[in-house]
Amino acid sequence: MADADGGDGRPLYANVRETLRERLGARYARGDLLPTQAELAREFRVSLITVKRALTELGREGLVEAVRGRGTVFLGRSVTQHKQVSDVT
């Protein structure tokens with residue numbers, strides 16, 4: 001089980017977001033569904049709102065998309081490229 005508290009002073013959602021970003025390119029192919037928000041909340045030992053915020057930010061970066069009635073889908077875009085862009089902004 002993962003723990004989102006990295007002890008680095010960052011908000012929990014930022015730690016969840018970064019861990020998920022690292023996993024995207026390594027574990028998922030384009031179109032794959034991510035675990036449910038409830039599953040991620042249990043895994044990271046955080047609230048649903050924390051997971052939702054992390055996924056929302058990944059969505060803004062164009063890495064995932066929430067599809068009503070289906071779940072969160074990995075869009076298969078370059079994770080490295082998006083990380084570099086988000087680090088600049």
Side-chain angles (χ1 to χ4, degrees):
M1 196 178 283
D3 193 348
D5 184 14
D8 56 6
R10 289 191 310 176
L12 290 176
Y13 79 87
N15 292 330
V16 171
R17 181 194 63 217
E18 292 307 312
T19 300
L20 289 174
R21 182 185 282 125
E22 290 171 9
R23 289 182 184 179
L24 288 175
R27 295 187 187 180
Y28 299 98
R30 183 175 196 209
D32 282 353
L33 286 174
L34 274 62
T36 66
Q37 291 181 14
E39 290 169 337
L40 291 170
R42 277 192 301 274
E43 177 183 349
F44 288 107
R45 300 179 198 162
V46 297
S47 69
L48 284 172
I49 197 86
T50 299
V51 169
K52 184 170 177 56
R53 177 137 186 216
L55 291 172
T56 297
E57 291 206 358
L58 291 172
R60 286 185 186 139
E61 295 173 21
L63 296 173
V64 299
E65 179 180 24
V67 179
R68 186 179 205 123
R70 188 160 178 236
T72 304
V73 179
F74 177 46
L75 297 178
R77 300 204 173 116
S78 171
V79 175
T80 305
Q81 181 182 16
H82 284 282
K83 178 156 178 42
Q84 291 169 349
V85 170
S86 68
D87 286 347
V88 172
T89 57

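These figures come from a predicted structure and were not determined experimentally.
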Would you give the length of the straight line joining atom [atom1] of [X] to atom [atom2] of [Y], rounded to the nearest 0.5 angstrom?
{"X": "Arg17", "Y": "Thr50", "atom1": "CZ", "atom2": "OG1", "result": "12.5 Å"}
{"X": "Leu58", "Y": "Arg53", "atom1": "CG", "atom2": "CZ", "result": "12.0 Å"}
{"X": "Leu63", "Y": "Phe74", "atom1": "CG", "atom2": "CZ", "result": "6.5 Å"}

Walk me through it: do Leu40 and Val16 pass the test side chain to side chain contact (heavy atoms under 4.5 Å, CB included)? CA-CA 9 Å; Leu40 291 170; Val16 171; 5.9 Å; no
Do NZ/NE/NH1/NH2 and the carboxylate oxygens of Arg60 and Glu65 come within less than 4.0 Å?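 Looking at Glu65 together with Arg60, the answer is no, because their closest N to O distance does not fall below 4.0 Å.
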Heavy-atom closest contact (Gln37 atom, Leu55 atom, distance):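 In terms of heavy atoms, the two residues are closest at CG-CD1, 3.7 Å.
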Could you report the tightest heavy-atom contact between Leu48 and Ala41, atom names first, then the distance?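 The answer is CD2-CB, 4.0 Å.
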Whether [X] side chain and [Y] backbone form a donor-acceptor pair below 3.5 Å:
{"X": "Thr56", "Y": "Lys52", "value": "yes"}
{"X": "Asn15", "Y": "Leu12", "value": "no"}
{"X": "Arg30", "Y": "Leu75", "value": "yes"}

Whether over 12 other heavy atoms sit under 6.0 Å from Ile49 CD1: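 No.
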All side-chain hydrogen bond (donor to acceptor under 3.5 Å, both in side chains) counterparts of Tyr28, not counting sequence neighbours: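 With neighbours one apart ignored, the set is empty.
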Residue pair Val64, Leu34: steps toward the side chain to side chain contact (heavy atoms under 4.5 Å, CB included) verdict: CA-CA 9 Å; Val64 299; Leu34 274 62; 4.2 Å; yes
